[in-house]
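Since the structure is predicted, the reported quantities are computational estimates derived from the model, not experimental observations. When a residue number appears, it is its place in the shown sequence, counting from 1.
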Amino acid sequence: MRALLQRVLEAKVVVDGNITGQIDHGMLVFLGIGQQDNLEKGKKLIDKILKYRFFDDEQGKMGWNVTQAQGGMLLVSQFTLMAQTQKGLRPDFGPAMAPEPAKILYEQLVQYAQSQFSQLQTGIFAADMKVHLVNDGPVTFQLEVE
């Protein structure tokens with residue numbers, strides 16, 4: 001399971017002209033789910049994301065997590081994060097979990113994240129999403145759990 005975290009000044013997801021999720025200051029999280037992933041791994045990753053310190057503290061150092069920074073989190077499923085890109089000129093999506101079980105796991109992870117963090121917004125699984133963001137920094141990190 002992989003997550004790409006971006007510190008943002010604002011972000012939103014638009015599906016069919018409607019905003020499905022929107023935050024001001026906080027983090028945009030793209031989540032990729034692999035074939036071998038499960039709820040336990042997902043909870044571990046969500047916990048790590050929520051505790052990850054990449055917001056500026058009083059000294060201007062990356063010392064605060066999203067809660068301490070009083071930010072929001074926009075969680076967006078993105079199977080392309082699981083692509084193998086080492087060989088050839090076309091991504092191989094074989095490592096990504098199949099859509100039906102991935103949707104179930106994603107929805108479970110959204111529920112878990114909501115139970116841990118009240119400022120959560122989401123996209124729509126497998127929708128044609130238009131993601132708008134103003135990256136802050138830019139600051140971007142990739143997190144993984146195995």
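- In this structure, the side chain of D136 does not engage the main chain of L9 through any donor-acceptor pair within 3.5 Å.
- Here the CD atom belonging to Q119 is positioned 11.5 Å from the CG atom belonging to L50, to the nearest 0.5 angstrom.
- Two residues are said to be in side-chain contact when any heavy atoms from C-beta on lie closer than 4.5 Å; M73 and F117 meet this criterion.
- For the atom pair CG (N65) and CG (D57), the distance works out to 11.0 Å, reported to the nearest 0.5 Å.
- Open room surrounds CD on Q36; 12 or fewer heavy atoms of other groups in view lie less than 6.0 Å from it.
- Across every non-hydrogen atom of P95 and Q84, the tightest pair is CG-CG, 3.4 Å.
- M129 and L31 fall into different hydrophobic clusters, where Ile, Leu, Val, Met, Phe, Trp and Tyr residues are linked whenever their side-chain heavy atoms come under 4.5 Å apart, directly or through other members.
- Residues E58 and W64 are in side-chain contact: their nearest non-hydrogen atoms beyond the backbone lie under 4.5 Å apart.
- Crowding of K103 atom NZ: a count of heavy atoms from other residues, nucleotides or ligands under 6.0 Å not exceeding 12.
- Inter-residue side-chain proximity for V29 and L4 is flagged as unmet; no heavy-atom pair is nearer than 4.5 Å.
- Linking Ile, Leu, Val, Met, Phe, Trp and Tyr residues whenever their side-chain heavy atoms come within less than 4.5 Å leaves L74 and Y106 in two separate clusters.
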side-chain contact (heavy atoms from CB on, under 4.5 Å) evaluation trace for F30 with V131: CA-CA 10 Å; F30 293 106; V131 180; 4.0 Å; yes

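- Under a hydrophobic-cluster definition in which Ile, Leu, Val, Met, Phe, Trp and Tyr are linked whenever side-chain heavy atoms come within less than 4.5 Å, directly or via other members, V8 and L81 are assigned to the same cluster.
- Criterion: ILVMFWY side-chain heavy atoms under 4.5 Å apart, direct or through other members. Under it, L143 and V139 are part of a common hydrophobic cluster.
- Within the 3.5 Å criterion, the main-chain N or O of F55 finds no donor-acceptor partner in the side chain of R7.
- Checking side-chain atoms of H132 against main-chain N and O of V14 turns up no donor-acceptor pair under 3.5 Å.
- Separation of atoms OG1 (T20) and NZ (K12) is listed at 11.0 Å; rounding is to 0.5 Å.
- To the nearest 0.5 Å, atom CD1 of residue I33 and atom NZ of residue K41 are 11.5 Å apart.
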Would you sort out whether M62 and R53 count as a side-chain contact (heavy atoms from CB on, under 4.5 Å), showing the intermediate values? CA-CA 6 Å; M62 289 187 187; R53 298 180 298 160; 5.7 Å; no

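- Interatomic distance, I49 CD1 to F141 CZ, rounded to the nearest 0.5 Å: 13.5 Å.
- Checking side-chain atoms of D47 against main-chain N and O of K44 turns up no donor-acceptor pair under 3.5 Å.
- At a threshold of 4.5 Å between non-hydrogen side-chain atoms, the residues L5 and L28 do not count as touching.
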Apply side-chain contact (heavy atoms from CB on, under 4.5 Å) to V66 and K51, showing your working. CA-CA 7 Å; V66 68; K51 292 175 186 171; over 6 Å; no

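- Other residues, nucleotides and ligands contribute only 12 or fewer heavy atoms inside 6.0 Å of the CD atom of Q70.
- In the hydrophobic cluster analysis, where Ile, Leu, Val, Met, Phe, Trp and Tyr join through side-chain heavy atoms closer than 4.5 angstrom, L75 is grouped apart from I124.
- Proximity of a side-chain donor or acceptor of Q35 to a complementary backbone N or O of G94 within less than 3.5 Å is detected.
- Annotation: the span from L120 atom CG to I23 atom CD1 amounts to 9.5 Å, rounded to 0.5 Å.
- Between the side chain of E107 and the backbone N or O of I104 there is no donor-acceptor pair closer than 3.5 Å.
- A heavy-atom distance below 4.5 Å is not found between the side chains of V110 and F125.
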side-chain contact (heavy atoms from CB on, under 4.5 Å) between M97 and L105, worked out: CA-CA 10 Å; M97 185 178 280; L105 181 53; 4.0 Å; yes

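- Here the side chains of I19 and V13 are not in contact, with every heavy-atom distance at 4.5 Å or above.
- Formation of a donor-acceptor pair under 3.5 Å by the R2 side chain with backbone atoms of E144 is not found in this model.
- Closest non-hydrogen pair, A126 versus S77, comes out as N-OG, 4.0 Å.
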